[in-house]
Every structure is written in structure tokens, then in C-alpha cells.
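Report on the structure given below.
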Amino acid sequence: MGVNLRDLIPSEAKREVELKALKGREVALDAYNILYQFLAAIRQPNGTPLMDSHGRVTSHLSGLFYRTINLVEEGIKPVFVFDGKPPEMKRKEIEERIKRREEAASKYRQAVELGRLDEARKYAQATGRLTNEMVDESKKLLEAMGMPVVQAPADGEAQAACMAAWGSVWAAGSQDYDSLLFGAPRLVRNLAITGRRKLPGRDEYIEIKPEIIELVSLLKSLKITRDHLIVIGIFLGTDFNPGGVKGYGPKTALKIVKSVDDPLKILNTVPKVKEENDPKEIFKYFKKPPCTKDYKILWREPNIEKVKSILVDKHDFNAERVEKGISRLKKAYRENLKGRISRLDAWFKR
DNA sequence: CCCCACTA
DNA sequence: TAGTGGGGG
């Protein structure tokens with residue numbers, strides 16, 4: 001789920017941009033976040049995901065393949081960051097997610113029996129589960145496409161935020177706002193090509209553009225520090241304290257946190273519920289998350305044969321479509337990624 | 001989600 | 001050339 005800062009962020013702290021505005025930028029993408037989105041969205045009208053002839057789900061591979069090509073064609077330089085071992089503090093959130101999935105699955109079966117297509121699709125979207133095999137294959141596909149894959153020690157979002165903070169990449173890319181608590185100086189949301197999204201329920205579409213949120217502008221416009229922001233997040237609810245503190249929404253949380261000079265003091269007043277994580281431990285985790293420096297950010301020539309063996313040979317993708325995609329990727333790679341040193345490297349080499 | 005053929 | 005509707009695996 002992630003922390004919901006949506007209603008806290010003032011309009012002056014976010015900026016809608018065209019994709020062109022991100023040309024030449026390295027973005028560390030939260031891979032699990034993306035894969036789950038594909039799993040939810042890439043489905044038939046009745047809710048069935050794309051599958052190969054053996055009944056294995058392929059929605060995530062289709063999404064990754066075309067999305068990656070499009071980003072590279074736009075000159076965006078994606079780095080894919082995968083989750084490692086979830087921290088013990090996340091246990092309750094994980095249990096709740098499993099429960100939500102099971103509930104959705106049973107509602108899905110009901111809707112199918114009643115022949116209610118729209119409902120079936122809606123519930124099917126929440127049933128998606130990423131298996132280890134799907135994750136491994138996603139990494140293999142991205143590597144075959146020449147994209148850098150980074151293995152996080154714990155949260156991928158935390159690792160992406162660290163990489164942005166260290167200047168290895170320009171921004172963290174995710175739909176969730178946690179990156180900001182983790183200290184990413186810049187968060188890019190809605191990083192997709194098709195600028196249209198269906199409104200839930202009705203047959204209407206709205207324009208969606210990439211959105212950039214700068215941490216310093218956010219803090220400045222709210223007149224707070226990152227410590228304040230982390231504490232606000234804890235009040236609103238994070239993966240480590242799902243639900244947050246009862247009775248606090250964005251407004252009251254902001255107000256109470258700003259009422260003291262040291263935001264940590266406020267955490268002492270939060271009633272510590274048995275079996276739940278210590279708010280101060282949650283704070284420490286956001287403040288200094290587990291991150292590794294063991295990664296290389298390097299884009300390579302796409303390997304046609306490897307990509308085809310995964311998509312075409314193993315999962316029944318249409319060979320011509322895949323070949324066409326790879327030629328687009330190769331061209332875009334040569335124009336936008338190959339032999340281009342990052343601004344950071346350029347700076348070090350002065 | 002994205003592709004593609006079709007439309008005006 | 002932009003918008004749509006159906007299909008992808």
C-alpha cells in the first residue's frame with residue numbers, strides 16, 4: 001500500500017510534466033510496484049490475465065517489455081530496483097495484503113458465477129500475486145533487454161530512494177509516496193506512456209501525466225523537515241503501522257507535528273499498541289533504511305536471442321511483435337543510452 | 001498496461 | 001493524426 005501523502009501535498013509542491021521533460025534522466029523504478037500494476041491492469045474484460053499455453057500468467061512480461069521500450073524511446077534511462085527480504089516490521093501489512101487478496105478472490109468467483117463482468121474484473125485486479133518465478137523471469141527479461149537491475153537488501157523503494165539521494169540516479173519512480181520518507185530528493189509518479197486512465201466504475205477516461213514531487217519544495221511549502229514528514233507518515237499509516245494513528249488525517253497530523261520543535265517527542269505520545277511496531281523504530285527505519293552500494297548502473301545492447309527465448313519460445317508471444325519491439329529498443333538504445341555518460345560521472349571526470 | 005487496425 | 005475498440009498470451 002504505502003503511505004498515503006496524496007492529500008498532504010500542496011499543488012505548488014508537485015509538477016505535472018510531459019514525458020519529454022524527463023529525457024536523459026535516470027530513474028530508479030520500484031520494480032515490484034510496476035509489476036503489480038501490470039498484473040492488475042493487463043487483463044481481459046472478464047478479469048482473466050494474459051497467459052501462455054501452459055496457463056502461466058504473462059501480463060507482467062507484456063507490460064515490462066513494452067513499457068521499457070517506450071521509456072527508452074523517450075530518452076528516459078530506467079534502472080529497475082527489486083525488493084529483497086521484507087523487514088520483520090512489515091509482517092502485519094503482508095498478512096493484511098494476503099487477507100485482502102483472498103477476499104477479492106472469493107468476490108471474484110461470486111461475480112463470475114453471477115455473470116457480472118465489470119465486478120469480476122474489478123475484483124480480479126486485486127487478486128494478482130507475484131510468484132518467485134515471475135520475479136526471476138522479470139529480472140531475466142530486463143537483463144536481456146540491457147537494462148540495469150538492482151537487488152535491494154530490503155525494500156526496493158528504500159533502495160531507489162538511497163540511489164536518488166546519493167546522486168546515482170535523478171529520481172525515484174513509484175506510485176507510492178514512501179520514497180519521500182526514505183529521503184528521495186525527487187519522486188516521479190505516473191511514469192507511463194499511454195496518458196489515459198479509466199475511471200473506476202464508469203466508462204470514462206482522464207488524462208494522466210507524469211508528476212514530479214521535489215522533497216525540498218514539499219518540505220518548504222509545508223514548512224517542515226523530513227523528520228516531521230516521517231512522523232506525519234506514521235500518523236497517517238505506513239506499511240509498518242497499517243491504519244496509522246486513529247483520528248489523524250493529513251490536516252491534524254500536520255498541525256500536531258508542527259506544534260513541537262522536535263517531531264520525535266510527538267512519537268512518545270503515540271499510544272504504543274501491543275503486538276505493533278514501536279513508532280520510534282519505524283521512524284529510524286525511514287530515516288536510515290537498509291540500502292546497498294553494490295550495484296552498477298549500465299545499459300547494454302539488447303540481446304535479441306535471449307529476449308525471444310523468454311517471450312516467444314517460452315511464453316508464446318508473437319515473434320513478429322517481439323522482433324519489432326526489439327528493433328525499436330535497439331534504435332532507441334543507440335540514440336539515447338549508448339556511450340552516454342551520466343551527469344554525475346561527467347562531474348567526477350572533470 | 002500497450003499494440004494495432006480502422007476510421008474520418 | 002487523433003480517437004476508438006478489440007486483442008494480446
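What's counted below: heavy atoms across the whole structure, side chains too, no hydrogens, waters or symmetry copies. Convention: sequence-line order gives letters A, B, ...; per-chain numbering from 1.
- Between the side chains of A:Y177 and A:R189, at least one donor N or O sits under 3.5 Å from an acceptor N or O.
- One atom, NE2 of A:H315, and another, P of C:dG9, lie 12 Å apart when rounded to the nearest Å.
- If you check every strand for non-hydrogen atoms under 4.0 Å, A:P49 touches a base.
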Might you work through the side chain to side chain donor-acceptor pair (under 3.5 Å) test for A:Q37 and A:N33, ending with a clear yes or no?
CA-CA 6 Å; A:Q37 282 179 66; A:N33 189 270; 2.9 Å; yes
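- A:T48 and A:N46 form a side-chain donor-acceptor contact under 3.5 Å, judged by distance and modelled atom types alone.
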Would you please test A:D239 and A:R97 for salt bridge (charged side-chain N to carboxylate O under 4.0 Å, His left out) and show each step?
CA-CA 10 Å; A:D239 285 350; A:R97 282 181 195 178; 3.4 Å; yes
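- Put simply, CG on A:L61 is 15 Å from P on B:dC2, counting in whole angstrom units.
- Within the structure, every side-chain polar atom (N or O) of A:K324 is placed at least 4.0 Å from both OP1 and OP2 of B:dC3.
- One atom, CG of A:N318, and another, P of B:dC2, lie 19 Å apart when rounded to the nearest Å.
- Across all strands shown, nothing is found opposite C:dG9 as a Watson-Crick or G-U wobble partner with both distances under 3.5 Å.
- The listed nucleotides are C:dG9, B:dC2, B:dC1; the one nearest the side chain of A:T48 is C:dG9.
- Separating the CZ atom of A:F38 from the C1' atom of C:dG8 is a distance of 14 Å, rounded to the nearest angstrom.
- Between A:E320 atom CD and C:dG9 atom P the separation is 11 Å, expressed in whole Å.
- For the pair A:L141/A:V307, a side-chain contact is recorded, criterion being any heavy-atom separation below 4.5 Å from C-beta on.
- Between A:R56 atom CZ and C:dG8 atom C1' the separation is 17 Å, expressed in whole Å.
- Within the 4.0 Å cut-off from OP1 or OP2 of B:dC2, at least one side-chain nitrogen or oxygen of A:R67 is found.
- Distances shown here put a side-chain N or O of A:N70 below 4.0 Å from the OP1 or OP2 atom of B:dC3.
- For the OP1/OP2 pair of C:dG8 and a distance below 4.0 Å, the side-chain nitrogens and oxygens of A:R43 include no atom meeting the criterion.
- The distance between atom CD1 of A:I42 and atom P of C:dG6, rounded to the nearest whole Å, is 19 Å.
- Note on A:S62: a base of the nucleic acid sits closer than 4.0 angstrom, heavy atoms only.
- Rounded to an integer number of Å, the gap from A:R321 CZ to B:dC3 C1' is 5 Å.
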